[in-house]
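One-based numbering along the sequence shown. We use all heavy atoms of the structure for the numbers below, so side chains are in, but hydrogens, waters and symmetry mates are not.
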Amino acid sequence: QVQLVESGGGLVQPGGSLRLSCVASGIDFRFYSMDWYRQGPGKERELVAGITSDGRTNYGDSVQGRFTISRDNAKNTVYLQMNSLKPEDTAVYYCNAETPALLAGPRNHWGQGAQVTVSS
């Protein structure tokens with residue numbers, strides 16, 4: 001029933017930009033906080049950015065000032081604008097929907113992941 005579909009990944013040179021999109025279905029999107037996580041080769045999954053249902057944002061230290069998370073509730077979509085990309089940003093990027101406390105079901109819903117490769 002619940003599905004999160006990511007798009008926008010690809011290969012980019014250092015210093016370049018990409019925008020990831022994640023479209024959610026099967027949930028009342030307005031009430032969900034949304035997050036972007038990433039997992040690089042041989043690394044643990046880490047939080048990249050998050051945005052609450054009322055629009056408050058937070059970022060991991062490594063992407064602060066370079067990445068911007070946003071949401072469009074009319075489109076059930078969360079975005080991650082990535083600027084000034086570095087090779088260490090290379091990872092699979094996953095979107096996550098956080099289930100509100102008063103709703104039943106899984107606490108998190110994960111997208112399938114989008115590969116981002118930063119290389120010259």
Output the distance between atom [atom1] ([X]) and atom [atom2] ([Y]), rounded to the nearest 0.5 Å.
{"X": "Leu80", "Y": "Asp35", "atom1": "CG", "atom2": "CG", "result": "11.0 Å"}
{"X": "Arg19", "Y": "Ser7", "atom1": "CZ", "atom2": "OG", "result": "8.5 Å"}
{"X": "Gln1", "Y": "Ile27", "atom1": "CD", "atom2": "CD1", "result": "12.5 Å"}
{"X": "Leu47", "Y": "Trp36", "atom1": "CG", "atom2": "CH2", "result": "12.5 Å"}
{"X": "Tyr32", "Y": "Leu103", "atom1": "OH", "atom2": "CG", "result": "5.0 Å"}
{"X": "Ser119", "Y": "Leu85", "atom1": "OG", "atom2": "CG", "result": "12.0 Å"}

Query raised in the report: Yes or no on side chain to side chain contact (heavy atoms under 4.5 Å, CB included) for Phe67 and Asp89, after CA distance, side-chain angles and deciding distance?
Result: CA-CA 11 Å; Phe67 291 10; Asp89 296 318; 4.0 Å; yes
Query raised in the report: After noting the C-alpha distance and the side-chain angles of Tyr79 and Leu20, does the key distance pass the side chain to side chain contact (heavy atoms under 4.5 Å, CB included) rule?
Result: CA-CA 6 Å; Tyr79 304 95; Leu20 301 180; over 6 Å; no
Main-chain N/O of [Y] paired to [X] side chain as donor or acceptor, under 3.5 Å:
{"X": "Tyr59", "Y": "Ile69", "value": "yes"}
{"X": "Glu6", "Y": "Cys95", "value": "yes"}
{"X": "Arg71", "Y": "Phe29", "value": "yes"}
{"X": "Thr117", "Y": "Leu11", "value": "no"}

What's the shortest heavy-atom distance between [X] and [Y], and which atoms?
{"X": "Pro14", "Y": "Ser120", "result": "CD-N, 3.7 Å"}
{"X": "Ser21", "Y": "Thr77", "result": "CB-CG2, 4.3 Å"}
{"X": "Ser17", "Y": "Ser84", "result": "OG-N, 4.3 Å"}

Requested in this report: Determine, step by step, whether His109 and Thr99 satisfy the side chain to side chain contact (heavy atoms under 4.5 Å, CB included) criterion, reporting the C-alpha distance in whole Å, the side-chain angles of both residues, the deciding distance to 0.1 Å, and the verdict.
Outcome: CA-CA 8 Å; His109 299 284; Thr99 301; 3.7 Å; yes
Query raised in the report: Hey, any chance Val78 and Val23 share a hydrophobic cluster, counting ILVMFWY side chains that come within less than 4.5 Å of each other, even indirectly?
Result: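 Different hydrophobic clusters.
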Query raised in the report: Same hydrophobic cluster for Ile51 and Tyr37, using side-chain heavy-atom links shorter than 4.5 Å among ILVMFWY?
Result: no
Report task. Give the C-alpha distance, both sets of side-chain angles, the deciding distance and a yes or no for side chain to side chain contact (heavy atoms under 4.5 Å, CB included) between Met34 and Leu4. Result -> CA-CA 11 Å; Met34 301 294 297; Leu4 278 63; 4.1 Å; yes
Report summary line: With Tyr93 as partner, the option from Gln115, Arg38, Gln39 fulfilling side chain to side chain contact (heavy atoms under 4.5 Å, CB included) is Arg38
Report task. Mind telling me whether Trp110 and Tyr94 have parallel, tilted or perpendicular rings, with 30° and 60° as the class edges? Result ->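 Correct class here is perpendicular.
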